[in-house]
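Below: one structure, written as structure tokens.
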Amino acid sequence: MASKDFLRSTRRETIVIVALYILFFAWWYVTAYGFGDDPSAYDYILGFPEWFFYSCIAGYVGISLILWAAVRVFFKDLPLDDGGDSKAEESRNG
Amino acid sequence: MVNHAAMILPLVLYFVLIMGIAWLGNRSAARRSDTAGFLEEYFIGSRSMGGFVLAMAVITTYTSASSFVGGPGIAYNLGLGWILLSMIQVPTAFLTLGVLGKRFALIARRTNAVTITDFIRARYDSDAVVILSSAALLVFFMASMLAQFIGGARLFESVTGYSYQTGLIIFGLTVVIYTTVGGFRAVVLTDTIQGVMMLAASLAILFAVVTAGGGVSNIMQTLYEIDPKLLTPTGANDAIPKPFILSFWVLVGIGVLGLPQTTQKCLGYKDSRSMHSAMIIGTFTVGFILLAMHLVGAMGRAVIPNIEIGDLAVPTLTVRLMSPFWAGIFIAGPLAAIMSTVDSMLIMCSAAIVKDLYFHYVLKNDEKRLPPKLVKRMSLTVTGVVGVIVFIAALKPPSLLVWINLFAFGGLEAVFFCPTLFGLYWKRANSTGALLSMAGGAAAYFFFTLTKVSVCGTTSIVPTLAVSTALFIAGSVFGRAESAEKLRAFEI
């Protein structure tokens with residue numbers, strides 16, 4: 001039995017990861033299809049069509065930054081051994 | 001006229017470097033004198049991967065020939081819409097590590113699991129499940145490696161002008177030899193260098209294409225003149241309808257949680273800090289490579305408009321836009337992507353045969369009958385034989401390359417997705433459910449792929465995962481629960 005801390009932390013971390021995943025999906029979907037489908041009416045940012053800039057470029061950079069922040073805030077540095085396994089311990093040290 | 005010598009020189013240097021690393025990996029495995037220690041070192045590098053190495057191991061195993069050649073080739077034909085599709089893969093690195101990573105690591109250490117099959121054996125305690133998963137792993141990995149070999153040799157052929165067979169021999173033998181000699185440690189060390197190589201290569205070719213096209217605005221203008229649809233999310237000829245693109249969120253999105261070549265990496269890292277930085281580095285790197293390479297494909301259309309076969313888009317751009325020396329460096333990028341996918345699969349095939357099947361069933365886990373020396377000789381032989389079989393099959397390539405790769409990808413997910421995920425997160429999960437979902441998932445996958453029956457316009461993986469999940473839950477609810485004692489190692 002690992003510490004209660006491990007269970008609580010990994011549970012929270014899983015929820016954070018799934019939330020980020022859903023966030024990325026929502027952003028990807030809304031910005032990709034939310035700017036209309038008439039290419040003659042497109043606005044451009046840095047040379048890219050608006051939808052593409054927001055969905056593929058901003059979405060990618062954004063999720064990387066949010067992930068970085070989320071890992072710093074929510075992720076705990078936990079020991080991955082819980083003393084129940086001496087063999088693995090030995091072979092790592094030996 | 002292409003200057004072959006200037007192009008081949010950086011490639012040769014690169015291969016020599018990789019071989020050197022394999023030799024170093026071999027030396028550190030040779031130091032282990034007990035069988036368990038040797039197995040742990042040879043197949044999982046004694047769980048010593050740090051953050052950067054873990055990130056590179058995950059993304060290089062995941063990105064393959066299709067990220068550098070196939071995908072950009074389709075983007076060349078369909079435009080920005082296919083880049084939108086490729087960006088679905090951005091979160092896969094953090095999803096896999098974040099959802100599976102820590103639990104896997106904890107349980108693997110408790111049960112001394114070295115392979116995914118070890119984990120499955122410990123969790124479900126069923127010979128049928130273990131044998132089925134080993135067989136699925138071998139079959140789908142060999143199909144996948146075949147596709148990688150063919151893709152690599154074709155790429156080599158079209159860029160350097162040497163024959164298909166020459167290319168196959170050079171990079172095929174390189175990967176077989178360094179994997180065989182160096183084991184897991186060589187695999188992840190070379191993966192790290194290959195990851196850096198892939199980053200550099202995609203940056204170089206992107207720069208070359210944007211420069212040749214006279215800047216992004218110009219390129220988009222030219223694309224608009226060729227076909228306005230190239231700039232839309234649905235692509236030229238509306239070839240990327242919504243149900244189709246959304247089903248890729250299953251195949252290359254959440255489905256990736258079931259790919260054993262990626263989940264295997266969760267067993268082998270050092271500490272949780274490594275995993276945290278690997279999530280961030282991995283996400284950033286994989287996103288960059290995908291974005292850059294697919295942009296190269298899509299924007300390449302404006303630079304060199306008349307390439308008939310999509311797969312030739314990236315090689316053609318490379319040769320026409322870059323000096324031979326830089327083209328040689330660039331080509332190492334996709335070859336690295338291919339080799340790093342193949343090496344992980346080779347080492348896992350070897351582990352499946354030597355450790356999961358032979359050591360467990362024939363030798364009954366008797367360490368005396370399998371001293372490290374023998375493990376080594378067997379692994380060398382098995383990796384070599386598997387590599388050579390795939391190599392020979394690739395000499396006369398079947399024509400349906402793309403399909404082989406996607407087929408293997410989906411097949412692995414159909415078999416491994418439920419047992420892996422539910423095994424970690426659901427106490428009630430049992431061997432009946434695992435067996436039903438593996439067999440049923442594989443059968444459903446064959447059915448939906450071969451008959452091309454489509455449910456609501458999605459690709460075959462969507463109904464397949466629905467079937468295997470339903471079977472898993474049904475089997476687990478109605479079957480007998482695993483004994484509490486067995487499950488103690490899985491309590492978190």
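A note on names: the letters A, B, ... follow the listed sequences, proteins ahead of strands, and every chain is numbered from 1.
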Legend entry - Atom pair CD1/CG of I281(B) and L67(A) - distance to nearest 0.5 Å: 11.0 Å
Inset, instruction - Please lay out, stage by stage, how I280(B) and S64(A) fare under the test side-chain contact (heavy atoms from CB on, under 4.5 Å). - result: CA-CA 7 Å; I280(B) 300 167; S64(A) 301; over 6 Å; no
Legend entry - Side chain, backbone, both or neither of Y44(A) within contact of chain B (heavy atoms, under 4.5 Å): side chain
Inset, instruction - Could you check which of W249(B), F284(B), Y425(B) has the highest count of heavy-atom pairs closer than 4.5 Å to chain A? - result: W249(B)
Inset, instruction - Keeping the roles fixed (side chain from S272(B), backbone from L78(A)), state whether a donor-acceptor pair exists under 3.5 Å. - result: yes
Inset, instruction - Apply side-chain contact (heavy atoms from CB on, under 4.5 Å) to the pair F94(B) and V71(A), showing each step before the final yes or no. - result: CA-CA 10 Å; F94(B) 78 73; V71(A) 167; over 6 Å; no
Inset, instruction - Check whether more than 12 heavy atoms from other residues, nucleotides or ligands sit under 6.0 Å from atom CZ of F24(A), and answer yes or no. - result: yes
Legend entry - Interface moiety of S40(A) toward chain B, non-hydrogen atoms closer than 4.5 Å: both
Legend entry - Close side-chain approach of P49(A) and M220(B), heavy atoms under 4.5 Å: yes
Legend entry - Over 12 foreign heavy atoms within 6.0 Å of CZ, R12(A): yes
Inset, instruction - Kindly indicate whether the side chain of Y33(A), heavy atoms from C-beta on, has any atom under 4.5 Å from the side chain of K242(B). - result: yes
Legend entry - Straight-line distance of F6(A) CZ to L106(B) CG, nearest 0.5 Å: 4.5 Å
Inset, instruction - Supply the atom-to-atom distance T10(A) OG1 to R103(B) CZ, rounded to the nearest 0.5 angstrom. - result: 4.5 Å
Legend entry - Contact check, side chains of L80(A) and R47(B), non-hydrogen atoms, under 4.5 Å: no
Inset, instruction - Determine whether L290(B) and Y60(A) make a side-chain contact, defined as any pair of heavy atoms from C-beta on separated by less than 4.5 Å. - result: no
Legend entry - Short side-chain to backbone donor-acceptor contact, Y224(B) and P39(A), under 3.5 Å: no
Legend entry - Y54(A) OH: over 12 foreign heavy atoms closer than 6.0 Å: no
Legend entry - Minimum side-chain heavy-atom gap Y21(A)-I254(B) below 4.5 Å: yes
Legend entry - Min side-chain heavy-atom separation V90(B)-W28(A) under 4.5 Å: no
Legend entry - Atom pair SG/CG of C56(A) and L291(B) - distance to nearest 0.5 Å: 7.0 Å
Legend entry - Non-hydrogen side-chain atoms of F25(A) and L246(B) separated by less than 4.5 Å: yes
Inset, instruction - Assess whether atom CZ of F207(B) is packed by more than 12 heavy atoms of other residues, nucleotides or ligands within 6.0 Å. - result: no
Inset, instruction - Check each atom of L46(A) against the heavy atoms of chain B and say whether the ones under 4.5 Å are side chain, backbone, both or neither. - result: backbone
Legend entry - F35(A) versus chain B, the contacting section by heavy-atom distance below 4.5 Å: neither
Inset, instruction - Could you pull out the closest heavy-atom pair between P233(B) and W51(A), with the gap in Å? - result: N-CZ2, 3.4 Å
Inset, instruction - Tell me, for F52(A) versus chain B, whether the close heavy atoms (under 4.5 Å) come from the side chain, the backbone, both or neither. - result: side chain
Legend entry - For I17(A) against G98(B), the heavy-atom pair lying closest together: CG1-CA, 3.8 Å
Legend entry - Gap separating the NZ atom of K102(B) from the NZ atom of K76(A), nearest 0.5 angstrom: 9.5 Å
Inset, instruction - Give the member of S217(B), G101(B), S86(B), G81(B) that has the highest number of heavy-atom pairs under 4.5 Å with chain A. - result: S217(B)
Legend entry - Side chain proximity check, L20(A) to P91(B), heavy atoms < 4.5 angstrom: no
Inset, instruction - Calculate, to the nearest 0.5 Å, the distance between atoms CD1 and CZ belonging to I219(B) and F48(A) respectively. - result: 8.5 Å
Legend entry - Greater than 12 external heavy atoms within 6.0 Å of W68(A)'s CH2: no
Inset, instruction - Determine whether more than 12 heavy atoms belonging to other residues, nucleotides or ligands lie under 6.0 Å from atom CG of N218(B). - result: yes
